[in-house]
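In what follows, a structure is listed as structure tokens, so that the remarks can point back to it.
Starting from 1, each residue takes its place in the sequence as its number.
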Amino acid sequence: SIDQEGLRLSTGLTVKVLAKTGQPVTLTSPERQGPTSTTPFHKEPDGAAVFQLDDGGWVYMSNSEVPSRQGGVFGLEFDAQGRPRSFSQRLNNTSRNCAGGSTPWGSWV
């Protein structure tokens, strides 16, 4: 079936939009810095990976395939209950950095 976001989902699944390109990310964790991120969600998201954090939370890392050294890598952090708590740029000044992802050692490439 197709849900209100226009995604085709298997029966029994639901979706929750966390971020849209160019818009601040809504932060719902009690640990957040404010109701929304100061950094808007990046353009042209591509390679991604999820890493567990020491406090039980986790971070979704995603790169941006923007040209002219305007791209980078961004991180959306969640608390241990899965609530978004921060969104920030982690690496900047990249150009068309296609792909990206985790290594077997738990680091980002």
Side-chain angles (χ1 to χ4, degrees):
S1 67
I2 298 184
D3 81 335
Q4 68 274 13
E5 298 298 331
L7 299 173
R8 187 177 304 269
L9 302 174
S10 296
T11 302
L13 296 180
T14 60
V15 66
K16 179 179 181 181
V17 175
L18 297 174
K20 290 185 178 183
T21 296
Q23 296 180 12
V25 177
T26 300
L27 306 174
T28 58
S29 171
E31 303 168 29
R32 69 186 184 268
Q33 298 295 315
T36 61
S37 64
T38 56
T39 302
F41 196 76
H42 55 289
K43 296 178 183 176
E44 300 185 38
D46 192 13
V50 175
F51 299 93
Q52 187 168 2
L53 300 173
D54 292 339
D55 66 0
W58 41 282
V59 59
Y60 164 78
M61 300 290 290
S62 173
N63 72 343
S64 175
E65 273 202 48
V66 180
S68 304
R69 300 180 56 89
Q70 295 178 22
V73 177
F74 296 77
L76 175 54
E77 278 194 27
F78 297 84
D79 64 19
Q81 287 71 45
R83 299 171 296 205
R85 67 176 168 204
S86 70
F87 177 73
S88 62
Q89 188 166 11
R90 308 290 178 96
L91 174 69
N92 59 13
N93 296 323
T94 64
S95 296
R96 298 269 182 218
N97 56 328
C98 188
S102 65
T103 69
W105 306 278
S107 58
W108 173 264
V109 167

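Atom CD of E31 and atom CD of Q81 lie 7.5 Å apart (nearest 0.5 Å). With rounding to the nearest 0.5 angstrom, the CD atom of Q70 is 11.5 Å from the CG atom of N92.
Residues V15 and L9 are in side-chain contact: their nearest non-hydrogen atoms beyond the backbone lie under 4.5 Å apart. Within the 4.5 Å cutoff, the side chain of L53 has heavy atoms near those of the V59 side chain. In this structure, the side chains of S64 and Q89 stay at 4.5 Å or more apart for every pair of heavy atoms. Between T21 and P45 there is a side-chain heavy-atom pair separated by less than 4.5 Å.
Through direct or indirect side-chain contacts shorter than 4.5 Å among Ile, Leu, Val, Met, Phe, Trp and Tyr, F78 is connected to L18, V25, L27, F41, V50, W58, Y60, F74, L76, F87.
Within a 6.0 Å radius of CZ in R90, other residues, nucleotides and ligands contribute more than 12 heavy atoms.
A continuous path of Ile, Leu, Val, Met, Phe, Trp and Tyr side chains, each step under 4.5 Å between heavy atoms, connects M61 with L91, placing both in one hydrophobic cluster. Side-chain heavy atoms closer than 4.5 Å link hydrophobic residues (I, L, V, M, F, W, Y) into clusters, and following such links, even through other members, never connects V17 to L7.
Of all heavy-atom pairs between S95 and P67, the closest is OG-C, 4.2 Å. The shortest non-hydrogen separation linking S62 to H42 is OG-NE2, 3.0 Å. Heavy-atom minimum distance, D79 versus P30: OD2-CD, 3.9 Å. Pairing each heavy atom of R85 with each of S29, the nearest pair is CB-CB, 3.5 Å. When every heavy atom of S37 is checked against every heavy atom of P24, the shortest pair comes out as O-CB, 3.4 Å.
Residues that satisfy the salt bridge (Lys or Arg N to Asp or Glu O under 4.0 Å) test with R32, not counting sequence neighbours, are absent from this structure.
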